[in-house]
Amino acid sequence: MEEKRTVLEMKHITKSFPGVLANDNVSIDLKEGEVLALLGENGAGKTTLMNILFGIYRADYGEIFINGRKVHIASPHDALKSGIGMVQQHFTLVPSFSTSENIVLGLKELGFIVKTRDVEAKIEQLGKHYGLAVNPKAKVWTLSVGERQRVEILKLLYTGAKILILDEPTAVLTPQEAEALFRAVRKMTAEGTSVIFISHKLDEVMEISDRITVLKQGKVVGTVNKEDIDKKGLAKMMVGRDVILDIEKPDVEIGETVLKIENLKVRNDKNLFAINNLSLELKAGEILGIAGVAGNGQRELAESLYGLRKVESGKIILKGKDITHTSVSRRIKEGISYVPQDRKGMATCPNLSVAENLFLKNYITHYVPMSPYYLNKRLITQTAEKLIDEYSISTPSPKTPVKLLSGGNIQKVVLARELSTTPSVIIAAHPTRGLDIGAMEFVYRTLLQQKAKGAAVLLLAGELYEIFRLSDRVAVIYEGQIMGYTPPDPAYIEEIGLMMGGTKRMGDAV
Ligand SMILES: Nc1ncnc2c1ncn2[C@@H]1O[C@H](COP(=O)(O)OP(=O)(O)O)[C@@H](O)[C@H]1O
Ligand SMILES: [Mg+2]
């Protein structure tokens, strides 16, 4: 096979932020028409490296070569002029402008003189060519997240980017949208564009890339050809040790209905109905996975079940009791636990110690006074020591402020506190988001243990593989309603995707 031409080299890139070496002597190269995946856990330094390439950050040290020529990229403008385009994790479009106006804006900045009419025609043509159609006249605020991403990509293709950086692009997509994106990427690379694809998901990296550079704690672990490695091997490179990717579900008899939600209506912070007539039942010993694109009511559902958000109408019934309008503390006593998605703001008090954070709920369940004049220090320390041991929380001491722990260990603190009370209902919202694979495994095992003990678990997760791995049933949420149910089997991915996109509704519960 003919050796492909190298279009980009980043050599010895080093970048530190206060207290972190985000990129430590990182070198990568990119060939014409290939997909290079940058794979690594959260915080590995992937975005930083690409922000340097796109001119958002300046490296402390290191060099960049494009087509063998050394370049200095001081701004995104410089990057675009050199043919490098980046779709960032958080999009940069102007919501009140139309698709074409957004693209015109980008082009004007680059000194192109264009007519909106011509731009519209070209957008339609590019959209058709790559299978990324968007309406050029639609205001960006009316578009779905998936469509906005298409606009970002079309904008870069319009400027003639030959190196396209996609930073965790599938995080906001349905499976069908992700497939369409992959087809577009293949078309681009077939035409000679090179793509750097950032991800922490092994499946999609194995699907789309030609080569993979693995980053860990700011350093390159290695670069491999896709043909020479499998998922297990990649996981090991990412984590630095063997990991178990398949966890067995315990055989648990599903019991009676513990939680019943009837025609629930709940408003979001914008005062719109985020939960719109939602009904579902959750049984003892089952994990019900709620699949959906982020922002379809998942947060409001979790918060209203825990008593943090007012219910407009409908009912929440826990073990036969109507708890729709009861307080959080009442619900905790009745056996609801909540593992929220925001573990630093919502789930823990960052400045309190590990021991104090572990104890936060006990004043409700055990009526232990929490007045500062009356804190039972010994009980707090004893409880903490037991839980630190049981949940293998890695902390210098029970007195360490929780904010100094790693994400995985903070999540263990939350799980230890929420699950040590033997809850009958657990609401787990994105319980592994941002965790490394080791901590993820721990969370999976813990939730499955709770299931084995007979707890009913409502699992709200963005990642379908996580839902398949843990759940007994899958429900799909779209605009605050349950669109349907499927078994937890990848064979149903197409149906799930259609329901996630709101284009299909399935019959009754399976
Ligand atoms: N602007 C910034 N200021 C301070 N620290 C940062 C900044 N951007 C990234 N970091 C830190 O650099 C490290 C690498 O982050 P990042 O490149 O975003 O990782 P990844 O994209 O692989 O998840 C992390 O420890 C992160 O907290
Ligand atoms: Mg990142």
Side-chain angles (χ1 to χ4, degrees), residues 10 12-28 30 35-62 64 73-76 79 84-92 145 149 152 164-173 178 181 195-202 204-205 208-209 211-223 234-235 237-240 294 341-345 348 350 394 401-411 430 432-440 462-463:
M10 295 181 82
H12 312 297
I13 301 290
T14 298
K15 172 78 184 173
S16 60
F17 294 110
V20 209
L21 194 49
N23 285 164
D24 184 0
N25 195 16
V26 172
S27 298
I28 62 164
L30 179 69
V35 178
L36 175 73
L38 281 187
L39 176 72
E41 297 190 329
N42 249 281
K46 307 180 293 291
T47 297
T48 301
L49 186 70
M50 290 302 106
N51 278 343
I52 290 169
L53 181 58
F54 194 53
I56 295 173
Y57 293 153
R58 189 168 300 198
D60 303 333
Y61 184 80
I64 299 174
I73 300 173
S75 67
I84 300 168
M86 176 166 177
V87 177
Q88 290 170 260
Q89 268 168 301
H90 305 286
F91 303 156
T92 55
V145 183
Q149 185 185 69
E152 294 269 6
L164 196 64
I165 306 162
L166 302 173
D167 195 350
E168 310 244 8
T170 61
V172 294
L173 300 180
L181 172 67
V195 175
I196 300 180
F197 183 90
I198 303 186
S199 179
H200 64 269
K201 298 183 196 168
L202 300 172
E204 61 183 34
V205 162
I208 193 68
S209 43
R211 289 187 307 139
I212 302 145
T213 294
V214 182
L215 287 178
K216 179 168 161 15
Q217 289 169 8
K219 290 195 183 71
V220 173
V221 178
T223 297
L234 282 178
M237 285 173 82
M238 244 168 103
V239 183
Q341 60 186 23
D342 174 13
R343 69 184 71 97
K344 277 188 185 151
T348 57
S394 164
V402 92
K403 67 175 179 198
L404 297 182
L405 304 193
S406 70
N409 280 295
I410 296 178
Q411 190 67 321
H430 303 287
T432 62
R433 184 176 284 175
L435 299 188
D436 60 46
I437 292 185
M440 224 151 107
E463 320 262 1

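Both counts, for ligands and for their atoms, begin at 1 and track the order of listing. Here, residue 1 is the first one in the sequence, and each next residue gets the next number. Just so it is clear, the values below take in all heavy atoms, side chains as well, and ignore hydrogens, waters and symmetry mates.
Close approach of ligand 1 to Ala44 is summarised as follows: ligand atoms under 4.0 Å from at least one heavy atom of the residue are 19 (O), 20 (P), 22 (O). Near Glu41, meaning under 4.0 Å from any of its heavy atoms, are these atoms of ligand 1: 22 (O).
Environment of CD in Gln217: sparse, with no more than 12 heavy atoms of neighbouring residues, nucleotides or ligands closer than 6.0 Å.
Protein heavy atom closest to atom 25 (O) of ligand 1, with residue, atom name and distance, is Val20 CG1, 3.4 Å. The protein heavy-atom contact nearest to atom 1 (N) of ligand 1 is Tyr57 OH, 3.0 Å. Scanning the protein heavy atoms around atom 17 (O) of ligand 1, the nearest turns out to be Thr48 OG1, 2.5 Å. Scanning all protein heavy atoms for the shortest distance to atom 12 (O) of ligand 1 gives Ala22 CB, 3.4 Å. Remark: minimum distance from atom 18 (O) of ligand 1 to any protein heavy atom is reached at Thr47 CB, 3.8 Å. Nearest protein neighbour of atom 19 (O) of ligand 1, counting heavy atoms only, is Gly45 N, 3.2 Å.
Across all non-hydrogen atoms, the minimal contact from Val35 to Phe197 is CG1-CB, 3.9 Å. The nearest pair of heavy atoms linking Met238 to His200 is CE-O, 3.8 Å.
In terms of N/O distances under 3.5 Å, ligand 1 is approached by Gly43. By the 3.5 Å distance cut-off applied to N or O atoms, Phe17 is not counted among the residues near ligand 1.
No side-chain donor-acceptor contact under 3.5 Å links Asn23 and Thr48.
Neither the backbone nor the side chain of His200 comes within contact range of ligand 1; no heavy atom lies under 4.0 Å.
Glu152 places a side-chain N or O within 3.5 Å of a backbone atom of Thr92 that can act as its donor or acceptor partner. A donor-acceptor pair under 3.5 Å links the side-chain atoms of Asn409 to the main chain of Ser394, judged by distance alone. Judged by distance alone, the side chain of Lys46 and the main-chain N or O of Gly40 form a donor-acceptor pair under 3.5 Å. Of the possible donor and acceptor atoms, one in the side chain of Lys15 sits under 3.5 Å from a partner among the backbone N and O of Arg58.
For residue Thr48, no N/O/S atom approaches the Mg ion (ligand 2) to within less than 2.8 Å.
For atom 27 (O) of ligand 1, the nearest protein heavy atom lies 4.0 Å or farther away. Under the 4.0 Å distance rule, the nearest protein heavy atom to atom 14 (C) of ligand 1 falls inside the cut-off.
When each of Leu21, Val26, Ile52 is tested with Thr14 by the rule side-chain contact (heavy atoms from CB on, under 4.5 Å), just one qualifies, namely Leu21.
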